[in-house]
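What follows is one structure encoded as structure tokens, with my remarks underneath.
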Amino acid sequence: MAEATEKALNFIEQIIEDDIAAGKNDGRVLTRFPPEPNGYLHIGHAKSICLNFGAAQKYGGKTNLRFDDTNPATEETEYVESIKADVKWLGFDWAEELYASDYFDHLFEFAKKLINKNLAYVDDSTSEEMAVMKGTPTVPGINSPYRERTIEENLDLFERMKNGEFPEGTHVLRAKINMASSNMLMRDPIIYRIKFATHHRTGDKWCIYPMYDFAHGQSDSIENITHSICTLEFVPHRELYDWCIENLEIFPSKQYEFARLSLSYAITSKRKLLQLVNENYVSGWDDPRMPTISGMRRRGYTPEAIREFCERIGVAKRDNLIDVSLLEFCVREHLNKIATRVMAVLDPLKVVITNYPEGKVEELTAENNPEDHESGSRSMPFSREILIEKDDFMENPTKKYFRLAPGLMVRLKHAYIIKCDEVIKDENGEIVELRCSYIENSRSGNDTSGIAVKGTIHWVSTAHAVKAEVRLYDRLFKVEDPSREDGDFKDYVNQDSLQTITAFVEPSLVNASLSEHYQFLRKGYFCLDRDTTPEKLVFNRTVGLKDTWAKEAVK
RNA sequence: UGACCCAUAGUAUAAGGGUAGUACAACAGUUUUUGGUACUGUGUGUCUAGGUUCGAAUCCUGGUGGGUCAACCA
């Protein structure tokens with residue numbers, strides 16, 4: 001019965017185990033996580049991070065963090081810093097912090113080696129001319145008129161490219177492979193181009209930069225990476241990856257591809273996320289509605305929850321769209337264990353307990369977390385006038401409603417049972433106040449009343465409650481898969497994804513901490529936002545509680 | 001109309017030729033001083049047609065469907 005408890009391997013782990021069993025690389029496992037510093041990391045990167053770091057960890061190996069910074073036009077130090085912070089926050093430590101730009105000298109020599117082997121040439125064609133000569137997927141390309149330059153001429157031209165003698169776009173270095181290949185990437189790919197841009201690390205040292213295909217595999221090889229794990233769109237690059245390594249006669253790192261993560265009601269494209277930021281659809285990369293690591297962190301998601309999510313979604317090669325409810329499940333699962341329970345009324349209704357003495361204040365004991373007996377308790381003031389949730393009263397209750405209604409009783413969590421005696425309305429017929437009476441011997445912990453009520457609701461003492469800004473988030477997109485819809489993805493942004501309200505929270509929350517997670521009882525999980533000031537508390541709703549009543553109410 | 005990758009419940013993911021499982025979602029119920037949590041139960045799922053085999057989700061072939069590739073991006 002108990003033998004099936006071991007988790008099945010994903011196909012990458014399978015490959016690694018097979019390699020170890022075959023004695024490849026003497027059993028050594030070295031992976032890398034290779035972000036381009038041109039944007040913030042998102043949930044899709046989290047999958048890759050967990051896979052790369054996780055697999056290495058599992059097999060006693062290590063993982064390098066390597067920035068793929070070969071395009072100075074889009075890359076910035078700000079992104080480098082955010083990426084490092086996000087990887088650390090997720091809970092992973094890299095063996096070495098490296099940059100493809102560290103290898104620019106090396107890569108330049110590699111290029112000359114190819115030229116010397118008559119496997120690369122400088123092409124003076126314009127990009128339009130090259131595009132024409134490249135052919136199409138169904139039509140083979142034709143050779144460039146510059147393809148048969150002599151090695152000496154190529155060496156000289158390439159050197160002069162490096163020396164800044166030519167303007168951008170006038171010359172490129174191409175690998176000499178096969179213009180008729182069915183793989184477009186093998187049709188003499190450009191491996192070096194001229195760019196007079198300041199690089200975030202090398203400054204103005206270089207005016208030529210290697211292309212991805214001439215940097216990534218070689219960087220892997222230089223670092224002796226054993227398993228270079230990337231996403232499916234790089235499958236056709238593998239042939240070129242192997243070609244470079246073979247012809248450069250360097251360490252044979254191997255590339256393996258898995259399907260990237262897509263999340264429902266979200267987008268995971270750095271380009272599109274950047275648009276949302278630049279065009280102010282969100283407040284920044286770390287807006288809590290963003291599927292970025294920094295956004296999720298600010299939202300109150302935990303690294304444990306994200307790692308568990310990445311574990312549960314699995315790794316395979318088929319396109320997938322993961323239901324965001326699985327992510328939310330993982331978040332709730334973890335927060336349920338660690339969140340401090342507190343009371344907060346989001347949409348208040350005044351309740352006066354007519355038979356409770358005016359001016360009297362009782363300090364009641366409230367447990368901090370029923371899931372964690374070590375978490376202790378705190379005290380909460382109770383008094384004659386309290387606030388409850390508007391939702392928790394129904395003037396004409398339906399059969400299955402078991403909260404407060406005229407003549408009915410509910411339990412105030414951690415406090416007394418009360419009975420609704422009178423409903424007070426304003427001139428518009430709006431309910432503005434409830435007059436209730438409490439059952440004196442029904443206090444939580446020493447209830448001798450013998451009364452059994454079906455409902456328990458949360459509350460705060462009006463005089464002691466603290467006002468707080470609460471930000472309620474909904475999914476950022478109205479459709480399941482915005483990237484597949486017609487037209488601009490921004491047309492599908494949910495305009496109501498942020499709702500800001502003023503809530504009344506229990507006084508203990510004036511000491512709320514940025515590092516703590518809270519459950520507003522019966523309402524959801526919340527965390528303090530960094531916008532909080534000494535004058536104003538600001539909370540983010542991380543995720544709501546599962547609400548079977550909401551479903552029932554719709555019926 | 002080329003090459004390459006992929007195809008198992010609504011969504012993901014296992015089953016390494018031998019009983020098609022698991023999780024989320026959904027639905028029903030039990031417990032409950034959170035309509036939370038926990039627990040129990042509920043499923044006409046192997047794209048299709050052939051082939052190999054005692055036996056195929058698994059191996060082979062054809063088809064169908066989806067994805068990727070024609071950036072001086074990664």
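Worth saying up front: this structure is predicted, and the values here are computed from it rather than measured. Just so we're on the same page: letters track the sequence lines, and every chain starts at 1.
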Distance between P atoms of B:G16 and B:A12 (Å, rounded): 23 Å

When you get a sec, tell me which of B:C5, B:G16, B:G36 is the closest nucleotide to the side chain of A:Asp18? B:G16

With a 3.5 Å cut-off and just heavy-atom distances, do the side chain of A:Arg522 and the base of B:U34 make a donor-acceptor pair? no

Taking A:Arg260 first and then A:Glu233, would you say they form a salt bridge - that is, a charged N and a carboxylate O separated by under 4.0 Å? yes

For A:Val122 versus A:Asn154, what's the shortest heavy-atom pair and its separation? N-OD1, 2.9 Å

Between P on B:G35 and NZ on A:Lys551, what's the gap in Å once rounded to a whole number? 15 Å

Does the side chain of A:His458 come under 3.5 Å of the side chain of A:Arg341 through a donor N or O and an acceptor N or O? no

Is there a donor on the side chain of A:Ser444 or the base of B:U33 sitting less than 3.5 Å from an acceptor on the other? yes

Counting only side-chain nitrogens and oxygens, does A:Arg318 get under 4.0 Å of the OP1 or OP2 atom of B:U13? yes

Parsed dot-bracket for RNA chain B after applying the Watson-Crick and G-U rules with both distances under 3.5 Å and | for other-strand partners is .((((((..((((....[..)))).(((((.......)))))....(((((..]....))))))))))).....

Once each nucleotide of nucleotides 64-74 of chain B is scored for protein heavy atoms under 4.0 Å, what B/S/- sequence comes out, 5' to 3'? --SS-SB-BSB

Measure up the A:Phe234 and A:Tyr212 rings against each other and bin them: parallel (under 30°), tilted (30 to 60°), perpendicular (over 60°). tilted

Under-3.5 Å donor-acceptor pair between A:Glu17 side chain and B:G16 base: no

Once the angle between the rings of A:Tyr416 and A:Phe382 is folded into 0 to 90°, is it parallel (under 30°), tilted (30 to 60°) or perpendicular (over 60°)? tilted

Taking the P atom of each, how far is B:G65 from B:A57, in whole Å? 24 Å

base_contact_polar (B:U34 base, A:Arg341 side chain, donor-acceptor, <3.5 Å): yes

Suppose you measure atom P in B:C54 against the same atom in B:C39; what distance do you get, rounded to whole Å? 47 Å

